[in-house]
Number of protein chains: 2
Amino acid sequence: MEQGSRYDQPGQTRPGGRTARVRAAVLRAAGDALAEHGFDRLDLADVARRAGVGRTTVYRRWATPAGLVADLLVEMATESLPRTESGSLLDDLRANARLVCRTLADPRQGPLFKAVIAAATADEDAAAALRRFYATRIAEWAPCVEQAVARGELPSGTDPHEVVAAVSAPLYYRLLASGDPLDEAAADRAAAAAAAAARAGAFVSP
Amino acid sequence: MEQGSRYDQPGQTRPGGRTARVRAAVLRAAGDALAEHGFDRLDLADVARRAGVGRTTVYRRWATPAGLVADLLVEMATESLPRTESGSLLDDLRANARLVCRTLADPRQGPLFKAVIAAATADEDAAAALRRFYATRIAEWAPCVEQAVARGELPSGTDPHEVVAAVSAPLYYRLLASGDPLDEAAADRAAAAAAAAARAGAFVSP
DNA sequence: TCATTAACGGGACTACAGTCCCTTTAGTGC
DNA sequence: GCACTAAAGGGACTGTAGTCCCGTTAATGA
């Protein structure tokens, strides 16, 4: 139950130089390994080898594959993506959809996202980290919906979180479930559908 | 490479009684184990024990956890769900959304779906089986969109597959990514959004 | 610059998932 | 009902992921 009881949470009390360097190298290596083999074949010994770090160190600091993914997601959540502002809801949502789509179609990022989502189905800590990651990403794009409401493009009371999530959802559905292609047409359709639904008041919260 | 070369594909040449009984028991047990522990903790020895079947049998016929999930998905695809027909697109889509939502929120089915999706991220056979599963489910509900087009409720050229997928997508996004609640309000919002987007012509294929 | 100690690293050890070989059981066709 | 054999079952074996112990390295603070 009590986590890290034997080792008193390494990486906390002496965060100078080496500790941070090891963490960065391991998280980088973990991302590579996840993108290449997926979550279920994530081998901590392999990650240690790639990172040029002792096997024991990885087991000591992260304990399980899922714990490593959870920490990787914390790191990923801090890497903010650039957001455009066009003055039109549809253009903003399309820019978001294309960005998400390019990410999921990317040869490294696509498999990586599949892997972290698989990890989140297996471990509550990873799931919590994944939820925080998406909450962060969605919050970054919420302003364009708020501005559309302010401009009168959308009914007041529209939930920005719901609208932004509605853009991503069909793209993730393609990635994980249907296998339909993740091309620009799919992105534009996702943006158009979310915008149309928002204009019709489908995301007005009670 | 060549699958089952050593054992000449058991279950094929003599499908009478016992073979089918063993398959049914193992798939049932696999579903239980997946729902309880998730894909990454799926232990074929445990499945064999639950099914009251020899450990060797499970390894011989399905070889890997992912192979077992792939076969389970083939079985799940044959289990058709009842579809209502109300004469109104929104009502039909809402019925679909609520059905999907109840399934994903169900204490057994929800974790089971998480697990098979995790398996599909790890194995191409499981992924192909999952795609067939969703293609089957979506095709079952496509007629209600076709009828809406015929009634003039939707623009002609609307892609039924896209509309039905648009209903499910936000619910799966909640299950796997955002962690937002899977309640009836979420289902109704998903249906309303898909219907509004479809009416606006967002799913007209080129 | 030097003592202190947090964190890293190597390598032996352990436990268990997955394989293999051989025996037993039960569908199939006469 | 009986011979034939496909498929299931038991149990020993093996490879490897994960643990543990203890020596080494390098941040920290005086």
Side-chain angles (χ1 to χ4, degrees), chain A residues 1-30 33-34 36-69 71 119 122-123, chain B residues 1-30 33-34 37-71 119 122-123:
Chain A
M1 194 103 310
E2 198 184 341
Q3 280 199 338
S5 54
R6 268 170 315 157
Y7 294 102
D8 302 291
Q9 289 158 236
Q12 295 304 108
T13 56
R14 195 181 268 195
R18 184 166 63 162
T19 298
R21 226 159 40 234
V22 166
R23 176 166 181 263
V26 169
L27 292 186
R28 173 79 210 179
L34 284 170
E36 279 178 40
H37 306 303
F39 175 66
D40 79 315
R41 284 184 209 163
L42 183 63
D43 175 10
L44 297 200
D46 175 52
V47 170
R49 219 176 302 121
R50 290 168 185 257
V53 154
R55 202 162 56 97
T56 315
T57 300
V58 177
Y59 279 106
R60 184 164 36 217
R61 282 185 63 175
W62 292 279
T64 64
L68 185 51
V69 172
D71 198 27
D123 180 83
Chain B
M1 193 106 308
E2 197 183 341
Q3 279 198 340
S5 55
R6 267 169 316 157
Y7 295 101
D8 302 288
Q9 289 160 234
Q12 297 302 109
T13 56
R14 196 181 267 193
R18 185 166 63 163
T19 298
R21 225 159 41 234
V22 166
R23 176 167 181 262
V26 169
L27 293 186
R28 173 77 209 176
L34 284 169
H37 306 304
F39 175 66
D40 79 314
R41 282 185 211 161
L42 182 63
D43 175 11
L44 297 200
D46 175 50
V47 171
R49 217 176 304 121
R50 289 167 185 256
V53 153
R55 201 161 55 97
T56 315
T57 299
V58 177
Y59 279 107
R60 185 166 35 219
R61 283 185 63 174
W62 292 279
T64 64
L68 184 53
V69 172
D71 197 27
D123 180 82

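Naming convention: chains lettered A, B, ... in sequence-line order (proteins, then strands); numbering from 1 in each chain.
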- Item | Interatomic distance where CG belongs to B:L68 and P belongs to C:dG18 [whole Å] | 12 Å

- Distance in angstrom units between A:D40 CG and D:dA17 C1', rounded: 14 Å

- Counting just side-chain N and O atoms, does B:T57 come under 4.0 Å of either OP1 or OP2 of D:dG9? yes

- Rounded to the nearest angstrom, tell me the gap between atom CZ in A:R41 and atom C1' in C:dA17. 15 Å

- Roughly how many Å is it from CZ in B:R21 to P in D:dA8, rounded to a whole number? 11 Å

- Message: So does A:R55 get a backbone contact from the side chain of A:R60, meaning a donor-acceptor N/O pair under 3.5 Å?
- Response: no

- Heavy-atom side-chain proximity of B:V47 to B:W62 below 4.5 angstrom: no

- Task: Please examine the side chains of A:R28 and A:R50, heavy atoms only from C-beta on, and report whether any two atoms are closer than 4.5 Å.
- Result: no

- Query: Rounded to whole angstrom units, what separation is found between the OH atom of A:Y59 and the P atom of C:dC13?
  - Reply: 18 Å

- Nearest-Å distance for atom pair CG/P, residues B:L44 and C:dC16: 16 Å

- Task: Can you tell me the distance, in whole Å, between the CG atom of A:D43 and the P atom of D:dT19?
- Result: 13 Å

- Query: Can you find a donor-acceptor N/O pair under 3.5 angstrom joining the side chain of B:R60 to the base of D:dA8?
  - Reply: yes

- What is the distance, rounded to the nearest whole Å, between atom CG of A:D46 and atom C1' of D:dA17? 12 Å

- Task: Hey, which sits more toward the 5' end of DNA chain D by its nearest nucleotide, B:R23 or B:R55?
- Result: B:R23

- Message: Distance check, rounded to the nearest 0.5 Å: B:R41 atom CZ versus A:D123 atom CG?
- Response: 7.5 Å

- Query: Can you find an N or O donor on one side and an acceptor on the other, under 3.5 Å apart, linking the side chain of B:T56 with the base of D:dG11?
  - Reply: yes

